[in-house]
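A short write-up of the structure that comes next.
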Amino acid sequence: MSGKFPLALEKENIFLSSHLCPTSMLVSQVEVLGKEQGLCYREKPIAIRTESDSADFSSCVSSIDWLEFDGELDIVEYPWDLIEMNGRQIKLDFELLTQGRKSAEISSTNNLISAENIFVEEGAKLEYATINASGGSVYIGKDAEVMEGSFIRGPFALCEHATVNMGSKIYGGTTIGPWSKVGGEVTQSILTSYSNKGHDGFLGHSILGEWCNLGAGTNVSNLKNTYDKVRVWSYADNRFAKTGLQFCGLIMGDHSKVGINTMFNTGTVVGICSNVYGAGFPRNFVPSFSMGGAQGFTLNNMKSVFKTASQAMARRKIELSLTDQQILTSVFEQTARYRKF
């Protein structure tokens, strides 16, 4: 990733842990840090101010004067943590984005509940929808669209150029990222950007990466029949890990696609650049660059991956760059050990 996001260091730098979700309280406490001082949260380092030329916390912890962070933070340790945190983060983002601003006018065709908690950016379109913000804020981004007949409950965020298709049912704790499309029934889920679940079917307590597509009628289980807590494949632990969650659906990596009427078991992980299709439930861990379904998988080779990604991205007038191809190739090599077809 460093090729796409190069590190630019100054003489003095502030480093923040990539695990944390920032707040205004965090910003204020970081701003007053002195040289070679840092913040800890629950005995873990979260921020340092240093003249060191290394972004690795472990290389300079011994020289840092550590202070305890005063407040509460959401710390992301596993992907499924985002599912539980998203409602709170929507509230914080809503306050940050709308402070001192006035919402664009909302058409009188819409049925609004707790309208004071609804903010619509300029260029957004919504007609004949029902939006209930009594349980959490609702944010509609620039040039986004909520089509007629949709039902939305907050907390909910529809980012710029994203679309809620006709007759959708969206429950709280859901974020639809930029240029994404959503339809059917969705609850407490995150679509990051350029991803589509445009048709009927259920998606619950799930996370989709970029450039994903769920075919019509795709359904995701987010609750085990036994009501047991869900275990999910963890790349970090190299095993199925306890999530502590009773509700957990699908976690899918970038550029993965799903055929029509696909069904996913509770707590399924699909890697990047995979193509899942066919009858029955596929296994609940589908390695990256896999192609197939319940009957088995074969390799989704790099030539096919690059072709599909290029065509999908071209629809948004975005090019699959050489750097992007190098990143995908690196992940392909790193995940080879999981593909034992």
Side-chain angles (χ1 to χ4, degrees), residues 21-24 27 74 82-83 85-200 202-212 214 315-318:
C21 298
T23 64
S24 57
V27 172
D74 279 335
L82 296 169
I83 297 170
M85 297 173 183
N86 196 46
R88 297 191 295 273
Q89 291 302 315
I90 290 173
K91 179 179 183 295
L92 293 172
D93 285 345
F94 184 90
E95 294 171 353
L96 182 67
L97 289 168
T98 65
Q99 186 175 17
R101 302 175 61 215
K102 184 178 179 181
S103 170
E105 186 175 348
I106 303 175
S107 170
S108 61
T109 66
N110 296 286
N111 180 26
L112 307 180
I113 303 171
S114 296
E116 67 276 8
N117 294 328
I118 302 170
F119 190 95
V120 175
E121 297 283 4
E122 294 293 337
K125 296 183 290 185
L126 56 160
E127 300 285 351
Y128 294 97
T130 296
I131 303 177
N132 183 351
S134 61
S137 306
V138 173
Y139 175 84
I140 309 297
K142 180 181 178 182
D143 297 323
E145 181 175 11
V146 178
M147 294 185 180
E148 53 272 23
S150 295
F151 294 88
I152 296 173
R153 294 176 67 93
F156 172 74
L158 184 68
C159 299
E160 60 182 30
H161 295 282
T163 302
V164 175
N165 286 342
M166 289 191 297
S168 300
K169 295 177 287 186
I170 314 294
Y171 293 87
T174 295
T175 295
I176 309 302
W179 295 96
S180 294
K181 293 182 179 180
V182 68
E185 184 178 4
V186 180
T187 184
Q188 203 160 327
S189 295
I190 301 169
L191 280 68
T192 51
S193 59
Y194 298 102
S195 288
N196 296 328
K197 181 223 171 293
H199 306 283
D200 285 342
F202 176 71
L203 181 71
H205 295 80
S206 298
I207 304 170
L208 304 186
E210 295 184 344
W211 304 105
C212 295
L214 303 188
R315 298 175 67 219
R316 298 295 187 193
K317 297 180 171 56
I318 298 176

| query | How far apart are the closest heavy atoms of A133 and I118, and which atoms are they? | reply | CB-CG1, 3.6 Å
| task | Compare every heavy atom of V146 with every heavy atom of A129, then report the nearest pair and how far apart it is. | result | CB-CG1, 3.8 Å
| Smallest separation among heavy atoms of G209 and S195, with atom names | O-OG, 2.5 Å
| remark: To the nearest 0.5 Å, atom NZ of K91 lies from atom CZ of R88 at 11.5 Å
| Counting distance only, does the side-chain N/O of T130 pair as donor-acceptor with the main-chain N or O of F151 below 3.5 Å? | no
| message | Within this structure, what is the CG-CG distance for the pair L191 and L208, rounded to the nearest 0.5 Å? | response | 4.5 Å
| message | Could you measure the distance from the CG atom of L126 to the CE atom of M147? Nearest 0.5 Å is fine. | response | 12.0 Å
| message | Keeping S206 on the side-chain end and L203 on the backbone end, is there a donor-acceptor pair under 3.5 Å? | response | no
| query | Which atoms form the tightest heavy-atom contact between L158 and T163, and what is the distance? | reply | CD1-N, 4.1 Å
| Of the non-hydrogen atoms in I90 and S137, which two are nearest, and what is the gap between them? | CG2-O, 4.2 Å
| query | When you check the side-chain N and O atoms of E127 and T109, is any donor under 3.5 Å from an acceptor? | reply | yes
| request: Could you grab the distance from atom CG of N196 to atom SG of C212, nearest 0.5 Å is fine? | output: 9.5 Å
| field | For the student: nearest non-hydrogen atoms of E121 and G141, plus distance | value | CB-C, 3.6 Å
| request: Without swapping roles, check the side chain of N165 against the backbone of G198 for a donor-acceptor pair under 3.5 Å. | output: yes
| field | Neighbour count above 12 (heavy atom, 6.0 Å) for D200 CG | value | no
| message | Contact between I318 and Y194 at the side-chain level, heavy atoms closer than 4.5 Å - yes or no? | response | yes
| In terms of heavy-atom contacts, does CD of E122 have more than 12 from other residues, nucleotides or ligands at under 6.0 Å? | no
| field | Test item: side-chain donor near acceptor, S193 and E210, under 3.5 Å | value | yes
| request: Could you check if a side-chain atom of S168 sits within less than 4.5 angstrom of a side-chain atom of M166, using non-hydrogen atoms only? | output: no
| For the residue pair Y139 and F119, does the interplanar ring angle fall in the parallel (under 30°), tilted (30 to 60°) or perpendicular (over 60°) class? | parallel
| task | Test K197 against E185 for salt bridge (Lys or Arg N to Asp or Glu O under 4.0 Å), laying out the working first. | result | CA-CA 10 Å; K197 181 223 171 293; E185 184 178 4; over 6 Å; no
